[in-house]
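Have a look at the structure below before the remarks.
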Number of protein chains: 2
Amino acid sequence: MGRIVDERRHAERREAILHEAYRQFAVAGYDRTSTASICRGAGISSGTFFHYFPAKLDVLVGILSAGLQQTRQALSRIETHSIGLPAVLAYAGGVQAEMSDPHFGGFVHAVAGVELLPEVATVLEDEASLIRAFLVRHLSDASARSEIRGDASPVHLAMWTQWLLDGAAQHATGTTSPSAEDDVVAAVRALLSPP
Amino acid sequence: MGRIVDERRHAERREAILHEAYRQFAVAGYDRTSTASICRGAGISSGTFFHYFPAKLDVLVGILSAGLQQTRQALSRIETHSIGLPAVLAYAGGVQAEMSDPHFGGFVHAVAGVELLPEVATVLEDEASLIRAFLVRHLSDASARSEIRGDASPVHLAMWTQWLLDGAAQHATGTTSPSAEDDVVAAVRALLSPP
DNA sequence: TTCGCTCTAGAGCGGCTACTCTAGCAAAAT
DNA sequence: ATTTTGCTAGAGTAGCCGCTCTAGAGCGAA
């Protein structure tokens, strides 16, 4: 009996669907993107689409889960060579780098529109709390060694940093102007720098 | 000939539809809210709904236009008694106050999901540039009198402030904890305070 | 009253959507 | 060679959606 025919091909197809869906969600939003349109863009039939994903929502969840895993890796990679303020700024730099993707801003908006669906909310909360823990950990460290302002608690500063980064992500346009390359990092530094 | 039968009643009905739509958009998002559901919630028929608004999208635009006008009034009211940093912080306080509305955060998400529809984008850009101009004006003033940090241009600081406020708005939950009352103001103050 | 108009209700409709079903093909296992 | 199974295509379907249409009630003007 023919079990898993070609694992490589399977993974590639799956990823192709995810990628095309990402693009279209970013351009038109989740609800306004039809499964038929994703199929057209990916050059497959609806039969194939629903063979790889049981429902449209699972495609979005798949994209977000991949993003979560990527974030996890990025944070642990940062922690192998940085702690305290440099670690926080390194993460901010990573967000800034993501923003140069021309579809990033659109996708952020698309996700915001369906953030209250439980399956979406779960993944996003996981990612948010992961980042939050990272920030609190390193801001506490930074505070202890007086790298940052001491007139606000690390928990507050972590929250404010997340606000700033989320707001910046929402405004991402994908235009990589040379001076804007470190705007986000500069903003975070300004927010955290001691008075 | 019977022209406008009852202007009061007309305005009240219209506002009732807007209010119910605002509530439902905040809870379920724009695309996932049906006109039938709005009608049910407002206690009217679809005939009435489409008598007051030519299309569903016009309800959203109506809500956003009302918000734009409200923002305009708020900003000019602030400018009658404040300039410079106090004016900026007064605006931040206004945003913080808005966030106590239990539906505010949900509505922000709902709008983000359809921000790329041209009619929506127009209103939002109008509001964003209005706020931007206000911030640049008063941050320039504040910078001149050394109320704020001088290591970043007023234009940059205005952008960062908008990022911060937008990010905060996105995280609004409607819970009015006493200590969170001035968190947004504190964050803006931290961002702008001289190093 | 009798027009003329606004406002309201609600049945109805065309169109689109997510998803299903069936049939066939390719290839691995027997 | 035959069977089994993964994979793919694409027609088909039930249901929902935004919106229209019609009929009439309410009200002001002549």
Side-chain angles (χ1 to χ4, degrees), chain A residues 1-25 27-63 110 113-114 116-120, chain B residues 1-25 27-63 110 113-114 116-120:
Chain A
M1 30 172 158
R3 284 173 300 178
I4 303 157
V5 178
D6 191 345
E7 192 134 2
R8 274 280 300 275
R9 182 174 169 76
H10 184 91
E12 275 172 13
R13 281 275 216 189
R14 200 187 124 94
E15 213 165 329
I17 295 172
L18 288 176
H19 193 264
E20 179 63 23
Y22 170 79
R23 245 179 35 82
Q24 295 206 20
F25 290 161
V27 171
Y30 175 78
D31 282 306
R32 308 181 95 81
T33 298
S34 68
T35 57
S37 172
I38 298 172
C39 292
R40 228 175 295 126
I44 59 171
S45 67
S46 66
T48 302
F49 181 95
F50 285 103
H51 174 74
Y52 284 89
F53 296 94
K56 179 187 173 186
L57 185 56
D58 293 301
V59 177
L60 180 61
V61 171
I63 298 171
V114 287
L116 42 77
L117 298 184
E119 297 174 72
V120 174
Chain B
M1 26 167 161
R3 285 171 302 177
I4 304 156
V5 177
D6 191 343
E7 192 134 2
R8 273 281 297 278
R9 182 174 169 77
H10 184 90
E12 275 171 15
R13 280 275 215 191
R14 199 186 125 94
E15 213 165 327
I17 294 172
L18 288 177
H19 192 263
E20 179 64 22
Y22 170 78
R23 244 177 38 80
Q24 296 207 18
F25 289 162
V27 170
Y30 175 78
D31 282 306
R32 306 181 97 80
T33 298
S34 68
T35 57
S37 171
I38 298 172
C39 291
R40 227 175 296 125
I44 58 170
S45 67
S46 66
T48 302
F49 181 96
F50 286 102
H51 173 74
Y52 285 88
F53 296 94
K56 180 187 174 187
L57 186 56
D58 293 302
V59 177
L60 180 61
V61 172
I63 298 171
V114 288
L116 42 78
L117 299 183
E119 297 174 71
V120 174

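Below, chain A is the first sequence line, B the second, and so on; all start at residue 1.
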side-chain hydrogen bond (donor to acceptor under 3.5 Å, both in side chains): pairs with one or both residues in residues 39-50 of chain B, sequence neighbours excluded = B:S45-B:T48

C:dT6 phosphate, OP1 or OP2: any side-chain N/O from B:Y52 under 4.0 angstrom?
-> no

Residue pairs meeting side-chain hydrogen bond (donor to acceptor under 3.5 Å, both in side chains), one or both in residues 49-63 of chain A, sequence neighbours left out, come to none

By salt bridge (charged side-chain N to carboxylate O under 4.0 Å, His left out), which residues pair with A:R13, not counting sequence neighbours?
-> none

C:dA9 phosphate, OP1 or OP2, under 4.0 Å from B:T48 side-chain N/O | yes

A:H51 NE2 to D:dT8 C1', in whole Å, measures 9 Å

Does B:T33 reach the side chain of B:V27, with side-chain heavy atoms less than 4.5 Å apart?
-> no

Got a sec, which residues hit salt bridge (charged side-chain N to carboxylate O under 4.0 Å, His left out) with B:E12, two or more places apart in sequence or on another chain?
-> B:R8

Going 5' to 3' through nucleotides 14-25 of chain C, assign each nucleotide B (protein heavy atom under 4.0 Å from a base atom), S (under 4.0 Å only from sugar-phosphate atoms) or - (no protein heavy atom that close).
-> ---SSBB-----

Do you know the tightest heavy-atom contact between B:I38 and B:A21?
-> CD1-CB, 4.0 Å

Sorted by chain and number, sequence neighbours left out, side chain to side chain contact (heavy atoms under 4.5 Å, CB included) with B:L116 holds for none

Short side-chain N/O contact from A:H10 to OP1 or OP2 of D:dG6, under 4.0 Å | no

Mind listing the residues from residues 13-20 of chain B sitting with a heavy atom below 4.0 Å of DNA chain D? Number order is fine.
-> none

Contacts of A:Y30 that satisfy side chain to side chain donor-acceptor pair (under 3.5 Å) - sequence neighbours left out | none

Value in whole Å for how far the C1' atom of D:dA9 lies from CZ of A:R40 = 15 Å

